[in-house]
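Scroll down for the structure; my scribbles are underneath it.
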Amino acid sequence: MSKAVEEQLAFLRKGCVELIQEDELRAKIARSLRDKKPLTVKVGFDPTAPDIHLGHAVLLRKMRHFQDFGHDVIFLIGDFTGLIGDPSGRSATRPAMTHEEILQNAETYKAQIYKILSREKTIIDFNSRWLGKLTSFEIIRLAAKHTVARLLERDDFTKRLKQGIPISVHEILYPLMQAYDSVELRADVELGGTDQKFNLLVGRDIQREFQQEPQVVMTMPLLEGLDGVEKMSKSLDNYIGITEPAKEIFGKIMSVSDPLMYRYYELLTDVPVSQVEAWKREAEEAKINPRDLKAGLAKSIIQDFWSRKEAEEAAEEFDRIHKNKKTPADLKVHVIGPAVVAEPGKFAVTGASGDLSYKRPLLDILMELKIFPSRGEAKRVIQQGGVYIDGQRIDDISYQVGVTDKQEHVLKVGKRKFYKFIVK
């Protein structure tokens, strides 16, 4: 086998959990080079949420690797299968989404993916283009190509049956519909997270039923979120969105644990695994500071989504705040209203000016700045010691902020959120 084939295979395999089957991919790559015909690489996305985060970026980066080798990558938006809802990893039937909601999320996806994928080389398609045209006869014929026993082998369904949790008929159709996408696109390779393995393998089976060469299945790991435990998810608020401001991304990455930092290096950068392992050893021997490695990771990721200039500015701003203990350089000043007299003699007159001073309840300031969705949430964060006024940590929910007209104050919430306000 040629060196070009082995080099391509080795790079594509990086970060992959399973490759089914490796010899098949080797043969497909060799044929592609011989015939000068790119492989068709399919990746499906059900647009059930509008934002793309670093968890999605693991797949998107692997798609980009295929593009860099000249292969055709299809970003398949499941506007039809999204109406069913992927049952993978679900303990209950997904709530139905409207087609309008799905299309709206799809448009958001299209605006974000080019931060990673090549705009010129990416093929965007919608599976409603063929699934929406299937007749009842064709759906029945498709269903006849697989068995209920095989479909019920998947862990999600087995667990729900044992627990007496209902499984809707349309959920059983989902893997078949996703598999038919591969038939329609004549996919050579399909990528997906490890939780998609069952669906991807059904694709191989159904392609054989349609006398097609089965696709190679490549599963990628599910990226842990900032907590280092749960899968990255917006609903768990442990995610980093690829469209978040560079400074926010930098701060979040600097907050992750050292073990998670190395995993992010492996899955979100092109740094060789051998180099990551060498860094681990050097850090254990105190030859290198993990903090510096983490800053390098943050810069690398930001450069992928923004620019080198913004990565450097984010690093400088982080040091300014956390190393030099200064406030952010470009902090917006919020103007809030003056205190309302509640107890005569305790507060100055409303609308005070000059040297007159008065007080505002901290809770009122937090709500006026719309930092928290509710007073209850604001109280919880205060009691946990997550709120600072002018550098002073506040843990009393009844705390009154002493303010003077037109004097600026700095409010810090958590580790990374700063607000500057004046009272007029």
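Just so you know, these numbers come straight off a predicted model, no measurement behind them. All residue numbers in this chain count up from 1 along the given sequence. Heavy atoms only: backbone and side chains are in, while hydrogens, waters and symmetry mates are out.
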Shortest non-hydrogen contact between [X] and [Y], atoms and distance:
X: Leu363; Y: Ala378; result: CD2-CB, 3.7 Å
X: Arg150; Y: Asp205; result: NH1-OD2, 3.1 Å
X: Ile242; Y: Ile249; result: O-CD1, 4.5 Å
X: Lys62; Y: Lys14; result: NZ-O, 2.8 Å

Between Glu24 and Arg204, is the salt bridge (charged side-chain N to carboxylate O under 4.0 Å, His left out) condition met? List the steps.
CA-CA 12 Å; Glu24 293 179 13; Arg204 284 171 61 87; 2.9 Å; yes
Please evaluate residues Phe126 and Phe80 with respect to the criterion ring pair (Phe, Tyr, Trp, His ring centres under 6.0 Å), reporting the C-alpha separation (whole Å), side-chain torsions for both, the decisive distance (0.1 Å), and the verdict.
CA-CA 8 Å; Phe126 294 78; Phe80 186 94; over 10 Å; no
Do [X] side-chain atoms and [Y] backbone N/O form a donor-acceptor pair below 3.5 Å?
X: Tyr239; Y: Ile52; answer: no
X: His71; Y: Pro38; answer: no
X: Asp79; Y: Ala106; answer: no
X: Arg393; Y: Tyr388; answer: no
X: Trp306; Y: Glu244; answer: yes
X: Asp125; Y: Phe75; answer: no
X: Gln112; Y: Thr108; answer: yes
X: Arg61; Y: Thr269; answer: yes
X: Glu230; Y: Glu224; answer: no
X: Asp188; Y: Leu39; answer: no

Where at least one partner belongs to residues 35-45, residue pairs that pass salt bridge (charged side-chain N to carboxylate O under 4.0 Å, His left out), sequence neighbours excluded
Lys42-Glu190
With a 3.5 Å cut-off and sequence neighbours excluded, list the donor-acceptor pairs that the side chains of residues 286-297 form with protein atoms.
from   : atom 1 : to     : atom 2 : distance (Å)
Lys287 : NZ     : Glu285 : OE1    : 3.1
Asn289 : OD1    : Arg291 : N      : 2.9
Arg291 : NH2    : Asp319 : OD1    : 2.9
Lys294 : NZ     : Val256 : O      : 2.7
Lys294 : NZ     : Asp258 : OD1    : 3.0

What is the distance from atom [atom1] of [X] to atom [atom2] of [Y], rounded to the nearest 0.5 Å?
X: Ile165; Y: Gln163; atom1: CD1; atom2: CD; result: 4.5 Å
X: Ile123; Y: Ile74; atom1: CD1; atom2: CD1; result: 5.0 Å
X: Arg64; Y: Asp270; atom1: CZ; atom2: CG; result: 10.0 Å
X: Gln8; Y: His65; atom1: CD; atom2: NE2; result: 12.0 Å
X: Leu223; Y: Lys231; atom1: CG; atom2: NZ; result: 11.0 Å
X: Lys252; Y: Ile240; atom1: NZ; atom2: CD1; result: 6.5 Å

Could you check whether [Y] and [X], counting side-chain N and O atoms only, form a donor-acceptor pair closer than 3.5 Å?
X: Asp72; Y: Thr40; result: no
X: Thr81; Y: Asn127; result: yes
X: Ser307; Y: Glu310; result: yes
X: Arg380; Y: Gln384; result: yes
X: Gln67; Y: Thr122; result: yes

Answer yes or no: is there an ion pair linking [X] with [Y], defined by an N-O contact shorter than 4.0 Å?
X: Arg375; Y: Asp364; answer: yes
X: Lys133; Y: Glu184; answer: no
X: Glu313; Y: Lys309; answer: yes
X: Lys280; Y: Glu277; answer: yes
X: Arg26; Y: Glu6; answer: yes
X: Glu18; Y: Lys197; answer: yes

Ring geometry between Phe250 and Phe318 (parallel below 30°, tilted from 30 to 60°, perpendicular above 60°)
tilted
Give me the ring orientation class for His56 and Tyr109: parallel if the planes are under 30° apart, tilted from 30 to 60°, perpendicular past 60°.
tilted
Check step by step if ring pair (Phe, Tyr, Trp, His ring centres under 6.0 Å) holds for Trp279 and Tyr265.
CA-CA 11 Å; Trp279 282 339; Tyr265 257 118; 5.0 Å; yes
Decide yes or no on side-chain hydrogen bond (donor to acceptor under 3.5 Å, both in side chains) for Gln215 and Ser182, but give the supporting numbers first.
CA-CA 8 Å; Gln215 64 188 14; Ser182 295; 2.8 Å; yes
